[in-house]
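For reference, the structure discussed in these notes is given below.
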Amino acid sequence: MIDELEALRQLKARYCRFLDTKDAEGWRSLFSTDVVVTLDMAASTRGADPMTAPPVEGVDNFVPRVLAGLQDAATMHHCHTPELTLTSATSASGIWAMEDWIIFGDGRELHGAGHYHETYEKQDGTWRIKTLHLTRTIVRVTGGDED
């Protein structure tokens, strides 16, 4: 059990590192092909975010969309305090506290915090992210036309 929980922690660590270093193939490998991702950008009230965008379905839709949006940006993603539960030998769920800081090429900055709510599936002996729902408690955008 401890080895499985450690594998999930390392999966999320690679998520942050591959995203920040723009390792597209590495980042893509962390998700199931049928991943479903919901990114709520509005700050929540009592942990329930309003839906600000429809879910993105499939790794081939999700990964290029995110990486294109971050192409000219410097990023920092940190995840902390995992709450991980093994639900079977091949499935798990988790909640991670997160903080991100994105500096876009045009000078705008996004600094935020919140939680990743995820499910995982073990495929061919490797854990992958099956669903990801990002909820936010803080969103601060500065620079550009907003200042």
The reported gap from OH in Y116 to NE2 in H133 (rounded to nearest 0.5 angstrom) is 12.0 Å
Rounded to the nearest 0.5 angstrom, the CD-CG distance for Q10 and L30 is 12.0 Å
Checking the side chain of T85 only, and the main-chain atoms of T87 only, is there a donor and an acceptor separated by less than 3.5 Å? no
By side chain to side chain donor-acceptor pair (under 3.5 Å), H111 pairs with (sequence neighbours left out) E99
Value for CZ (R17) from NZ (K12), rounded to nearest 0.5 Å, stands at 14.0 Å
Connected to W101, directly or through other members, by ILVMFWY side-chain contacts below 4.5 Å are M76, I103
- Message: Checking side-chain polar atoms at under 3.5 Å, does D34 have a donor or acceptor matched by the opposite partner on S32?
- Response: yes
- Query: Do the non-hydrogen side-chain atoms of I129 and V37 ever get within less than 4.5 Å of each other?
  - Reply: no
In this structure, CZ of R14 is separated from CH2 of W127 (nearest 0.5 Å) by 13.0 Å
Q: Walk me through it: do F62 and L39 pass the test side chain to side chain contact (heavy atoms under 4.5 Å, CB included)?
A: CA-CA 11 Å; F62 172 63; L39 303 174; 4.3 Å; yes
Check: Taking the six-membered ring for Trp, are Y15 and W27 parallel (under 30°), tilted (30 to 60°) or perpendicular (over 60°)?
Finding: tilted
A113 meets the side chain to side chain contact (heavy atoms under 4.5 Å, CB included) criterion, sequence neighbours left out, with T137, I138
Would you say the side chain of V66 lies within less than 4.5 Å of the side chain of V56, judging by non-hydrogen atoms? no
T38 versus T135: any side-chain heavy-atom pair under 4.5 Å? no
Students should find that the hydrophobic cluster of V36, defined by side-chain heavy atoms under 4.5 Å apart, otherwise consists of none
Residues passing the side chain to side chain contact (heavy atoms under 4.5 Å, CB included) test with T75, sequence neighbours excluded, are D20, K22, L70, A73, H77, I102
Shortest non-hydrogen pair, S91 vs S88, comes out as OG-OG, 2.8 Å
A24 and L67 have their tightest heavy-atom pair at CB-CD1, 3.5 Å
Side chain proximity check, L86 to K122, heavy atoms < 4.5 angstrom: no
Side chains of K130 and E118: closer than 4.5 Å at any heavy-atom pair? no
In terms of heavy-atom contacts, C79 and W96 come closest through CB-CE3, 3.8 Å
Determine whether T81 and I95 make a side-chain contact, defined as any pair of heavy atoms from C-beta on separated by less than 4.5 Å. no
Heavy-atom nearest pair, R136 first then G112, reads NH1-CA, 3.6 Å
Residues 60-69 vs salt bridge (Lys or Arg N to Asp or Glu O under 4.0 Å), sequence neighbours excluded, gives R28-D60
